[in-house]
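Written below as structure tokens is the structure these notes are about.
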Amino acid sequence: DAKTTQPNSMESNEEEPVHLPCNHSTISGTDYIHWYRQLPSQGPEYVIHGLTSNVNNRMASLAIAEDRKSSTLILHRATLRDAAVYYCILRRNSGGSNYKLTFGKGTLLTVNP
Amino acid sequence: SAVISQKPSRDICQRGTSLTIQCQVDSQVTMMFWYRQQPGQSLTLIATANQGSEATYESGFVIDKFPISRPNLTFSTLTVSNMSPEDSSIYLCSVPGTSGNEQYFGPGTRLTVT
């Protein structure tokens with residue numbers, strides 16, 4: 001599986017935007033970029049995913065570099081509830097039968113009030 | 001979305017004993033996954049459990065240590081056998097969403113082995 005690299009930790013202030021980077025220089029053409037987050041004492045939850053184009057949903061936006069070697073998860077207005085570990089994961093062939101997720105260390109996001 | 005419950009939520013067990021963790025999903029799913037999260041670490045996939053077939057284990061995990069049952073499309077169990085303190089972890093089950101894009105995770109079972 002292609003590897004992702006994320007900063008160990010980031011800090012933000014409440015109500016400000018947060019940009020969480022992820023490098024995946026060995027990404028293949030069939031790899032989808034998925035983001036999950038794990039709030040304290042909970043299981044991970046799906047945030048967003050994309051292939052080539054930028055994506056938006058109610059939780060976040062995903063900006064994907066043109067060469068796909070990096071991506072950025074954008075939280076438009078951080079709240080205290082967004083404090084979590086954020087995982088950037090490459091998954092081959094989204095949908096179908098390949099659901100396996102390989103978690104890296106992720107980025108611990110701290111949100112200051 | 002899928003709602004997943006796990007039992008027990010936490011347990012403290014003695015070395016050498018076994019614990020069976022239950023995972024219940026509110027909808028029928030073909031695939032279920034079991035993960036382990038050791039203290040301060042990320043999640044590691046233990047095995048994939050398909051209903052009606054043997055579970056598929058990842059490298060480093062064996063059936064004798066982590067036997068899995070999948071009796072129907074909404075339920076699975078993971079047993080942690082002959083436990084040692086190194087087995088102290090959070091064990092999570094997950095299922096894919098209907099779109100195939102996302103996975104839903106249970107709340108986890110926090111196991112402490114003394």
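Per chain, numbering begins at 1; letters A, B, ... match sequence-line order. Bear in mind that the values here come from a model prediction, so they are computed numbers and not experimental data.
Within the 4.5 angstrom heavy-atom criterion, no atom of A:I48 approaches chain B. Neither the backbone nor the side chain of B:Y104 comes within contact range of chain A, judged by heavy atoms closer than 4.5 Å. For B:L45, the part sitting under 4.5 Å from any heavy atom of chain A is the side chain, from C-beta outward, and nothing else. At a 4.5 Å heavy-atom cutoff, the contact between B:Q37 and chain A is made by side-chain atoms alone.
Look at A:D31 and A:R68 and you find no salt bridge, because none of the NZ, NE, NH1 or NH2 atoms lies under 4.0 Å from a carboxylate O.
In this structure, A:K69 contributes its side chain and A:H24 its backbone to no donor-acceptor pair below 3.5 Å.
Under the ring-ring contact (aromatic ring centres under 6.0 Å, His included) test applied with B:F61, the options B:W34, B:Y35, B:Y91, B:F66 reduce to a single match, B:F66.
Here the side chains of B:I21 and B:Q6 are in contact, with some heavy-atom distance below 4.5 Å.
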